[in-house]
Amino acid sequence: MIIVYHCYGSAHSSVIASALHVGLLPTDRVPKLKEILALKYFDKTESKDIGTPLYMGNDLWNNPVYAVGMTYKKEVVKRAIYSLLDMYHLPHDQILCSNALSSAHLFTKIGGILSRRYGLIKVGRPLTALGMQLKYYKFIELVKSVQKREEELMLNKLDGINKVIDNKGRISSDWGEWSVIKSGAGNRKS
Amino acid sequence: MKIVYSSYYCWPLPVLAAYFHLKLVQGKKPDFNNLDFFSDADNYLLFPSGIIRKVGIDKYGNEIYIIGNQGIEGVIERVIMGFNKIFGSKDEIKFVNLNKKVSIFFKLCIYLAKFDFFKKIAVRLILNSIKNDLPFIVAQVSETVNILNKEQDK
């Protein structure tokens with residue numbers, strides 16, 4: 001399964017959400033400005049790169065997580081992704097899409113416009129990061145809901161294959177690579 | 001290879017380009033009214049943008065597709081190319097953008113087509129207006145086919 005967080009330009013909201021998802025940012029506290037600004041793709045995507053999936057890492061289920069910019073036409077872009085799945089006869093639940101833009105603070109949106117559109121990076125970039133801090137718990141909520149959905153889908157997939165439940169409630173498949181713990185979103189037992 | 005003809009709306013310019021590519025229509029005044037996508041045009045007029053639709057396979061075995069891009073052709077192209085790579089496909093995808101500026105007249109026709117009463121008139125008006133676009137489409141398709149021929153020769 002592929003996890004996709006999308007926003008307007010894959011520079012801020014989707015980068016934060018996907019970084020949270022793969023564990024690059026903490027889930028128990030608001031990160032410092034320095035931590036946000038240190039993210040590889042934070043406030044970096046140029047207009048000419050919007051649409052390119054940015055790989056953020058693999059999560060606890062070993063699923064790859066991407067940040068994608070979809071401008072203001074997310075439905076059109078999502079249809080393109082899903083019809084590509086159809087083209088290769090892949091099931092639609094192969095991709096889990098989540099809109100990260102709805103969690104963004106006004107400061108992030110203004111900062112993003114200043115930094116990305118007008119090139120005022122010194123003013124715009126810290127403003128976007130500040131906006132992220134102010135709405136950070138919204139992002140945590142979003143990521144937790146996505147991880148919960150991911151867990152449901154992954155466990156459903158496991159239903160289709162031989163699985164073993166041990167006395168601690170841990171589920172493992174005979175695939176080996178899919179050894180997972182039932183409780184706790186995506187905690188993986190290797 | 002997969003070749004995707006794209007435009008603001010997926011109908012009629014990309015369909016026409018695909019037909020020229022597949023040599024289903026030829027000449028300066030082609031009759032396309034009886035072909036699929038045109039004989040039942042009102043089914044395709046409001047076909048959602050973003051969906052990749054297969055039209056046929058050319059003589060080299062290239063699959064020909066159409067897509068409506070709603071003016072974000074670059075984003076659509078990068079998303080499709082990116083996910084194509086993520087899915088591990090070795091198939092190359094070539095986009096041919098026919099994004100001429102969409103006229104207000106065209107947009108008005110599309111708007112009118114949303115009402116059943118005006119649908120047939122809107123289709124007729126669009127089909128009449130695209131006759132002016134034929135030279136542009138033929139040129140774009142010829143260029144694409146030439147590139148493919150050269151690649152084939154290699």
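Keep in mind the model is a prediction, meaning the values are calculated, not measured. Each chain gets a letter, A, B and so on, in the order the sequences are listed, and its residues count up from 1.
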Inset, instruction - Tell me whether A:Ile140 is reachable from A:Leu101 by hopping between hydrophobic residues (I, L, V, M, F, W, Y) whose side-chain heavy atoms are closer than 4.5 Å. - result: no
Legend entry - Among the listed options A:Val77, A:Ile2, A:Leu84, the residue most often paired with chain B at heavy-atom distances under 4.5 Å: A:Leu84
Inset, instruction - Would you mind telling me which of B:Asn84, B:Ile67, B:Ile93 has the largest number of heavy-atom pairs within less than 4.5 Å of chain A? - result: B:Asn84
Legend entry - Residue A:Tyr55 excluded, over 12 heavy atoms near OH under 6.0 Å: yes
Legend entry - Contacting region of A:Asp86 [heavy-atom separation from chain B under 4.5 Å]: neither
Inset, instruction - May I ask whether B:Val25 and B:Val15 are part of the same hydrophobic cluster, defined by side-chain heavy atoms of I, L, V, M, F, W, Y residues being less than 4.5 angstrom apart, directly or through others? - result: yes
Inset, instruction - Counting only heavy atoms closer than 4.5 Å, note whether B:Ile52 contacts chain A via side chain, backbone, both or neither. - result: both
Legend entry - Whether over 12 other heavy atoms sit under 6.0 Å from B:Tyr111 OH: no
Legend entry - Side-chain heavy atoms of B:Ile86 within contact of A:Pro53, under 4.5 Å: yes
Legend entry - Separation between CE of A:Met87 and OH of B:Tyr65, rounded to the nearest 0.5 Å: 4.0 Å
Legend entry - Interchain contact, A:Thr52 with chain B, by part (heavy-atom threshold 4.5 Å): both
Inset, instruction - Group every Ile, Leu, Val, Met, Phe, Trp and Tyr by side-chain heavy-atom contacts under 4.5 Å, then state whether A:Leu114 and A:Ile121 land in the same group. - result: no
Inset, instruction - Return the orientation label for the A:Tyr66 and B:Phe83 ring planes: parallel under 30°, perpendicular over 60°, tilted otherwise. - result: tilted
Legend entry - Atom group of B:Lys54 that falls short of 4.5 Å from chain A, counting heavy atoms: neither
Inset, instruction - Group every Ile, Leu, Val, Met, Phe, Trp and Tyr by side-chain heavy-atom contacts under 4.5 Å, then state whether B:Ile3 and A:Tyr88 land in the same group. - result: no
Inset, instruction - Could you tell me which of A:Leu85, A:Asp49, A:Val4, A:Ile95 has the largest number of non-hydrogen atom pairs under 4.5 Å with chain B? - result: A:Asp49
Inset, instruction - Would you give the length of the straight line joining atom NZ of A:Lys74 to atom CD1 of B:Ile72, rounded to the nearest 0.5 angstrom? - result: 11.5 Å
Inset, instruction - Tell me, yes or no, whether the heavy-atom count around B:Lys2 atom NZ, taken from other residues, nucleotides or ligands under 6.0 Å, exceeds 12. - result: yes
Inset, instruction - Please round to the nearest 0.5 Å and tell me the distance separating atom NZ of A:Lys78 and atom CD1 of B:Ile51. - result: 13.5 Å
Legend entry - Partner chain B: residue of A:Lys48, A:Glu75, A:Met70 with the largest heavy-atom pair count (under 4.5 Å): A:Lys48
Inset, instruction - Would you kindly confirm whether B:Leu125 and B:Val123 end up in one hydrophobic cluster when ILVMFWY residues are joined by side chain heavy atoms under 4.5 Å apart? - result: no
